[in-house]
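Just so it is clear, the model here is predicted, and its values are computed rather than measured.
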Amino acid sequence: MNSTNEKKFKQLYDQELFNLQNTEEKIFATIIKEEEYYFAAVCNSKQSEAYRRIENIADILAGEKDPQERVKDYRRFFVYLAGASAERFSKRFVFAWEFLATAVSLMKLVESWETEEDFRAGMYFMTDTFMHTVNTYFLESPSHPQVMEFIQYVDEHLYDQLSVTLIADGLGMSPGHLARLVRTHLDTTCNEYIKRKKLEESVLLLQDMTLPIRDIADRIGISNGHFIRIFQEKYSCSPSEYRKRIVTGITADV
């Protein structure tokens with residue numbers, strides 16, 4: 001992960017946490033409690049409950065009558081929610097970098113958000129992304145050590161051009177043996193698994209508006225035309241359309 005982005009995220013989180021701690025104690029305690037419920041809901045894949053906690057936070061923020069000050073409060077609570085959740089995930093899961101990567105990516109977008117709707121959409125998008133990562137982890141936790149090695153190898157080489165033969169050689173087994181293990185324990189093919197993980201990585205990269213889509217395709221080791229085609233097949237929209245949905249907060253269909 002880019003250390004500059006990680007440092008920026010940490011500074012933002014520490015700053016907003018300090019601001020929260022120096023607001024009215026009762027409000028801060030309520031927000032802390034809602035964040036605890038929110039975290040539990042995400043970890044247990046209870047999407048409607050996580051959404052309800054977001055709305056509870058919105059109700060708290062509605063107490064501020066000045067619209068401009070209310071937007072500032074939204075920014076503060078969004079940064080806190082992203083940061084606190086990332087910290088909690090890092091203590092519970094071994095793949096915490098994925099949550100931190102999501103939080104860092106969202107921090108890049110925060111500066112361009114100007115309305116309450118922007119921040120609420122961001123909270124929902126963050127929730128869906130965190131929950132997807134949790135669900136993927138539990139689905140892909142096979143007991144077979146060689147399959148775990150395959151998963152780890154793919155995660156560590158997402159930016160390389162991967163093939164079954166290349167991975168099998170790296171893991172010291174035959175391509176046929178690896179293919180059978182993946183099919184048995186992950187219920188998919190090696191190539192389909194690799195494609196899905198690369199596309200999931202591209203979704204995170206698309207949150208950085210400064211990255212051209214062609215560069216994203218190149219970064220994950222897929223030709224631009226092929227990337228656009230398989231992205232469209234999986235998410236029913238092009239990468240550029242998906243990026244527009246991030247900006248406008250329309251992400252529910254993806």
Considering all heavy atoms of both residues, which atom of [X] and which atom of [Y] are nearest to each other, and what is their separation?
{"X": "Gln47", "Y": "Met131", "answer": "CA-CE, 3.6 Å"}
{"X": "Gly170", "Y": "Tyr153", "answer": "CA-CE1, 4.4 Å"}
{"X": "Thr127", "Y": "Ala50", "answer": "CG2-CB, 3.7 Å"}
{"X": "Ser238", "Y": "Gln232", "answer": "N-OE1, 3.2 Å"}
{"X": "Met123", "Y": "Tyr38", "answer": "O-OH, 4.3 Å"}

For the atom pair [atom1] ([X]) and [atom2] ([Y]), what is the distance rounded to the nearest 0.5 Å?
{"X": "Ile220", "Y": "Leu158", "atom1": "CD1", "atom2": "CG", "result": "8.5 Å"}
{"X": "Leu166", "Y": "Cys190", "atom1": "CG", "atom2": "SG", "result": "12.0 Å"}
{"X": "Leu199", "Y": "Leu206", "atom1": "CG", "atom2": "CG", "result": "10.0 Å"}
{"X": "Ile228", "Y": "Glu233", "atom1": "CD1", "atom2": "CD", "result": "12.5 Å"}
{"X": "Tyr37", "Y": "Ile57", "atom1": "OH", "atom2": "CD1", "result": "13.0 Å"}
{"X": "Leu171", "Y": "His177", "atom1": "CG", "atom2": "NE2", "result": "10.0 Å"}

**OP:** Take Arg243 and Ile216 through the test side-chain contact (heavy atoms from CB on, under 4.5 Å) and record every step on the way to the result.
**Re:** CA-CA 12 Å; Arg243 178 169 270 173; Ile216 292 175; 3.6 Å; yes

**OP:** Can you run down the ring-ring contact (aromatic ring centres under 6.0 Å, His included) pairs that involve residues 50-70, sequence neighbours left out, and say none if there aren't any?
**Re:**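 Applying ring-ring contact (aromatic ring centres under 6.0 Å, His included) to every pair that reaches into residues 50-70, excluding sequence neighbours, yields Tyr51-Tyr124.
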
Original post:
For Arg70, which residues count as a side-chain contact (heavy atoms from CB on, under 4.5 Å) partner, sequence neighbours excluded?
Top reply: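 Arg70 satisfies side-chain contact (heavy atoms from CB on, under 4.5 Å) with Glu64, Pro67, Tyr74, Glu116 once adjacent residues are dropped.
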
**OP:** Could you walk me through whether Tyr193 and Val154 pass the side-chain contact (heavy atoms from CB on, under 4.5 Å) test, one step at a time?
**Re:** CA-CA 9 Å; Tyr193 180 86; Val154 173; 4.0 Å; yes

Under 3.5 Å, side chain of [X] to main-chain N/O of [Y], donor-acceptor pair present?
{"X": "Asp218", "Y": "Arg214", "answer": "no"}
{"X": "Glu49", "Y": "Ala41", "answer": "no"}
{"X": "Asp118", "Y": "Thr115", "answer": "yes"}
{"X": "Asp66", "Y": "Gln68", "answer": "yes"}

Original post:
Between Lys197 and Glu200, is the closest basic N to carboxylate O distance under 4.0 Å?
Top reply: yes

Subject >> Lys/Arg N to Asp/Glu carboxylate O, Lys195 vs Glu192, below 4.0 Å >> reply: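 Looking at Glu192 together with Lys195, the answer is yes, because their closest N to O distance falls below 4.0 Å.
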
Subject >> Under 3.5 Å side-chain donor-acceptor pair for Thr165 and Ser163 >> reply: no

Subject >> Distance-only polar pair, side chains of Glu201 and Tyr159, donor-acceptor under 3.5 Å >> reply: yes

Original post:
Around Glu114, counting heavy atoms of other residues, nucleotides and ligands shown, do more than 12 lie under 6.0 Å from its CD?
Top reply: no

Original post:
Should the heavy atoms of other residues, nucleotides or ligands under 6.0 Å from CG of Asp187 be counted, would the total exceed 12?
Top reply: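 At most 12 heavy atoms, drawn from other residues, nucleotides or ligands, come within 6.0 Å of this atom.
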
Subject >> Trace of the side-chain contact (heavy atoms from CB on, under 4.5 Å) decision for Ser202 with Phe227 >> reply: CA-CA 9 Å; Ser202 76; Phe227 168 60; 3.5 Å; yes

I want to check something: taking the side chain as every heavy atom from C-beta on, are [X] and [Y] in contact at a cut-off of under 4.5 Å?
{"X": "Leu205", "Y": "Arg219", "result": "yes"}
{"X": "Ile167", "Y": "Ile194", "result": "yes"}
{"X": "Leu186", "Y": "Ile151", "result": "yes"}
{"X": "Ile230", "Y": "Ile222", "result": "yes"}

**OP:** Give the C-alpha distance, both sets of side-chain angles, the deciding distance and a yes or no for side-chain contact (heavy atoms from CB on, under 4.5 Å) between Thr188 and Val182.
**Re:** CA-CA 7 Å; Thr188 188; Val182 170; 4.3 Å; yes

**OP:** Anything under 30° is parallel, anything over 60° is perpendicular, the rest tilted; go ahead and classify Phe119 against Phe78.
**Re:**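 Correct class here is perpendicular.
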
